[in-house]
Protein chains: 2
Amino acid sequence: MADAAQTRQRILDIALELFTERGFAGTSVADLAGRLGTSKAALYHHFRSKNEILAALLEAPTRRFDELVAQASELTDEQLLGRVVDLTAELFAVAGVLDGDPSVQAAQRAQLLDRSRDINQALTAALVAPPGDADARLRAHAAYAAAKHGTLAAVADLGTTELPATSRTALVTAALRALHPAG
Amino acid sequence: MADAAQTRQRILDIALELFTERGFAGTSVADLAGRLGTSKAALYHHFRSKNEILAALLEAPTRRFDELVAQASELTDEQLLGRVVDLTAELFAVAGVLDGDPSVQAAQRAQLLDRSRDINQALTAALVAPPGDADARLRAHAAYAAAKHGTLAAVADLGTTELPATSRTALVTAALRALHPAG
DNA sequence: GTCTATACATAGATAGAC
DNA sequence: GTCTATCTATGTATAGAC
């Protein structure tokens with residue numbers, strides 16, 4: 001009925017749902033198998049551990065944000081905030097779980113890979129000009145939060161991860177205005 | 001050495017630390033007792049369940065935000081966003097756990113009391129003028145996110161929940177600018 | 001108010017048949 | 001690729017002594 005790749009993907013989809021609803025630590029392998037409609041053993045045929053499922057879930061999003069970090073210095077504030085809005089909307093569920101669930105951080109830490117803090121800090125730092133300016137730093141926090149969490153709230157509100165162009169513009173503009181002092 | 005009220009408070013302090021580090025579901029009663037330096041049974045003398053510890057932890061913050069919701073209609077945008085910044089800074093750890101950890105939501109849901117979503121929605125709605133304007137709604141999401149998550153990031157960054165007046169002003173101003181269209 | 005000991009359920013994970 | 005059955009550790013919670 002289903003080949004390995006397909007089943008693997010179904011497991012990841014289900015894991016994303018349940019981790020979002022109950023958290024990583026709050027979701028058991030039995031919960032996953034239950035919704036999958038199979039046994040725990042069947043699930044362990046596709047992944048060696050619960051942690052490995054989480055890692056697989058976070059891999060692509062982390063890579064995408066890492067790429068953004070790498071480009072950050074060459075982008076304008078508007079381009080950077082726009083990319084944050086786009087990535088957050090596209091990766092809605094994972095982006096929310098990623099830096100919202102403390103048990104995810106704890107699990108990743110156990111594997112020496114707590115990237116999401118680094119990513120948030122790097123992107124925020126890229127928005128601070130001039131470096132060392134305390135007020136600029138606060139505005140960067142506010143602007144980044146507006147882009148990221150504003151988008152998360154907007155996507156949840158609108159019920160779609162496909163943000164219309166006008167909505168995207170509104171969010172980016174709002175974040176930009178938070179970043180720049182009056183003038 | 002310690003009377004009941006004191007021990008109870010110590011447990012709450014420890015619970016807040018560990019729930020923040022590992023999440024609610026990711027923290028066991030044995031973990032709490034371990035850091036408390038006593039047995040699990042001793043802990044159960046002060047609280048009837050792990051869920052009760054969580055509820056006790058969330059009670060005061062939830063009440064504070066509820067009060068703000070009640071006043072929201074009488075406040076200006078600036079006053080409302082200022083109160084969000086103040087409450088978030090003051091209740092830093094709990095405010096972060098409160099709407100960051102999915103297992104907290106799940107546990108509260110089991111007790112019919114998922115207030116934090118309601119609070120966020122109500123406060124965001126209070127910022128939308130005129131009602132029904134899609135763009136205003138998005139700016140409200142961005143502004144609220146800037147105030148709340150910008151403050152969370154700022155407090156984590158500064159390492160103190162006592163936000164200096166200039167920092168508070170910078171955050172409120174940034175959130176306000178996110179809210180209001182250019183003009 | 002704290003302890004040891006323990007009950008009982010569920011956790012993550014594996015063995016081995018089909 | 002999926003199953004039943006099971007291992008072992010840990011989970012929440014309680015009993016009863018001190």
Side-chain angles (χ1 to χ4, degrees), chain A residues 1-58 97 101-111, chain B residues 1-58 97 101-111:
Chain A
M1 186 65 78
D3 66 3
Q6 237 175 345
T7 304
R8 193 185 149 92
Q9 188 54 51
R10 269 198 68 214
I11 293 170
L12 290 177
D13 292 343
I14 289 167
L16 182 53
E17 277 177 40
L18 290 182
F19 291 172
T20 303
E21 281 174 30
R22 316 175 186 179
F24 173 67
T27 303
S28 72
V29 176
D31 292 335
L32 297 173
R35 188 166 295 194
L36 183 63
T38 66
S39 66
K40 287 188 289 175
L43 201 153
Y44 275 101
H45 176 75
H46 297 278
F47 291 94
R48 274 184 301 192
S49 71
K50 191 179 134 181
N51 257 294
E52 196 177 284
I53 298 176
L54 175 64
L57 218 45
L58 298 181
V97 171
D101 183 348
S103 70
V104 167
Q105 307 293 339
Q108 293 294 97
R109 224 171 283 139
Q111 294 168 0
Chain B
M1 186 64 76
D3 67 1
Q6 235 174 347
T7 305
R8 194 186 148 91
Q9 189 54 50
R10 270 197 67 216
I11 293 171
L12 290 177
D13 292 343
I14 289 166
L16 182 52
E17 279 177 40
L18 290 182
F19 291 172
T20 302
E21 282 174 30
R22 315 173 188 181
F24 173 67
T27 303
S28 73
V29 176
D31 292 335
L32 297 172
R35 188 166 295 193
L36 184 62
T38 66
S39 66
K40 289 184 286 175
L43 201 151
Y44 275 100
H45 176 76
H46 298 277
F47 292 93
R48 275 184 300 191
S49 70
K50 191 178 132 180
N51 256 294
E52 197 177 283
I53 298 177
L54 176 64
L57 218 45
L58 297 180
V97 173
D101 184 345
S103 71
V104 167
Q105 306 293 338
Q108 293 294 97
R109 223 171 285 140
Q111 293 168 1

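This one's a predicted model, so the numbers in the text were calculated from it and none came from an experiment. We name chains A, B, ... by the order of the sequence lines, and we start the count at 1 in each one.
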Legend entry - Integer-rounded Å distance: dT12(D) P and Ile11(B) CD1: 14 Å
Inset, instruction - Return yes if a side-chain donor-acceptor contact under 3.5 Å exists between Ser49(B) and Asn51(B), otherwise no. - result: no
Legend entry - Reference residue Arg22(B); test side-chain hydrogen bond (donor to acceptor under 3.5 Å, both in side chains); the match among Thr27(B), Asp31(B), Asp101(B): Asp31(B)
Legend entry - Side chains of Ile14(B) and Phe19(B) in contact at under 4.5 Å (non-hydrogen atoms): no
Legend entry - Check against side-chain contact (heavy atoms from CB on, under 4.5 Å), Val97(A) and Phe24(A): CA-CA 9 Å; Val97(A) 171; Phe24(A) 173 67; over 6 Å; no
Inset, instruction - Scan Ser39(B) against the nucleic acid and name what it touches under 4.0 Å (heavy atoms): base, sugar-phosphate only, or nothing. - result: base
Legend entry - His45(B) side-chain N/O to dT14(D) phosphate OP1/OP2 under 4.0 Å: no
Legend entry - Euclidean distance, atom NE2 of residue His46(A) to atom P of dA13(C) [Å, nearest integer]: 16 Å
Inset, instruction - Search all heavy atoms of Ser103(A) against all heavy atoms of Ala25(A) and return the closest pair with its distance. - result: OG-N, 3.1 Å
Legend entry - Separation of atom CD in Gln9(A) from atom C1' in dG1(D), rounded to whole Å: 18 Å
Legend entry - Length of the NZ-P vector between Lys40(B) and dG11(D), whole Å: 8 Å
Inset, instruction - For Arg8(A) and dT2(D), give me the distance from atom CZ to atom P, rounded to whole Å. - result: 14 Å
Inset, instruction - Strictly below 4.0 Å, heavy-atom distances to any atom of DNA chain C: list the hits from residues 20-27 of chain B, or just say none. - result: none
Inset, instruction - Identify the two heavy atoms, one from Pro102(B) and one from Gly23(A), that lie closest to each other, and give their separation to 0.1 Å. - result: CB-N, 3.4 Å
Legend entry - Closest nucleotide among dG12(C), dG1(C), dA13(D) to the Lys50(A) side chain: dG12(C)
Inset, instruction - Rounded to the nearest angstrom, tell me the gap between atom CG in Leu32(B) and atom P in dT10(D). - result: 16 Å
Inset, instruction - For the residue pair Val104(B) and Leu58(B), establish whether any side-chain heavy-atom pair is separated by less than 4.5 Å. - result: yes
Legend entry - Contact nearer the 5' end of DNA chain C, comparing Val29(A) with Ala41(A): Val29(A)
Inset, instruction - Answer yes or no: does a side-chain N or O of Ser28(B) lie under 4.0 Å from OP1 or OP2 of dT10(D)? - result: no
Inset, instruction - Give the minimum heavy-atom separation between Leu32(A) and Ala15(A), together with the two atoms involved. - result: CD2-CA, 3.7 Å
Inset, instruction - Compare side-chain N and O positions of Tyr44(A) against OP1 and OP2 of dA13(C) and report whether any pair is under 4.0 Å apart. - result: yes
Legend entry - Nucleotide dG12(C), atom P - distance to CZ of Arg48(A) in whole Å: 18 Å
Legend entry - Atom-pair distance (CD on Glu52(A); P on dT14(C)), nearest Å: 11 Å
Inset, instruction - With the side chain of Thr7(A) defined as its heavy atoms from C-beta on, choose the nearest nucleotide among dA13(C), dC3(C), dT2(D). - result: dT2(D)
Legend entry - Of all pairs that satisfy salt bridge (Lys or Arg N to Asp or Glu O under 4.0 Å), the ones with a partner from residues 6-18 of chain B, not counting sequence neighbours: Glu17(B)-Arg35(B)
Inset, instruction - Identify the two heavy atoms, one from Leu16(A) and one from Thr20(A), that lie closest to each other, and give their separation to 0.1 Å. - result: O-OG1, 2.6 Å
Inset, instruction - Return the stems involving DNA chain D, sorted by first number, where pairs are Watson-Crick (N1-N3 with N6-O4 or O6-N4) or G-U wobble (N1-O2 and O6-N3), both under 3.5 Å, and runs are 3 or more long. - result: C:1-18 with D:1-18
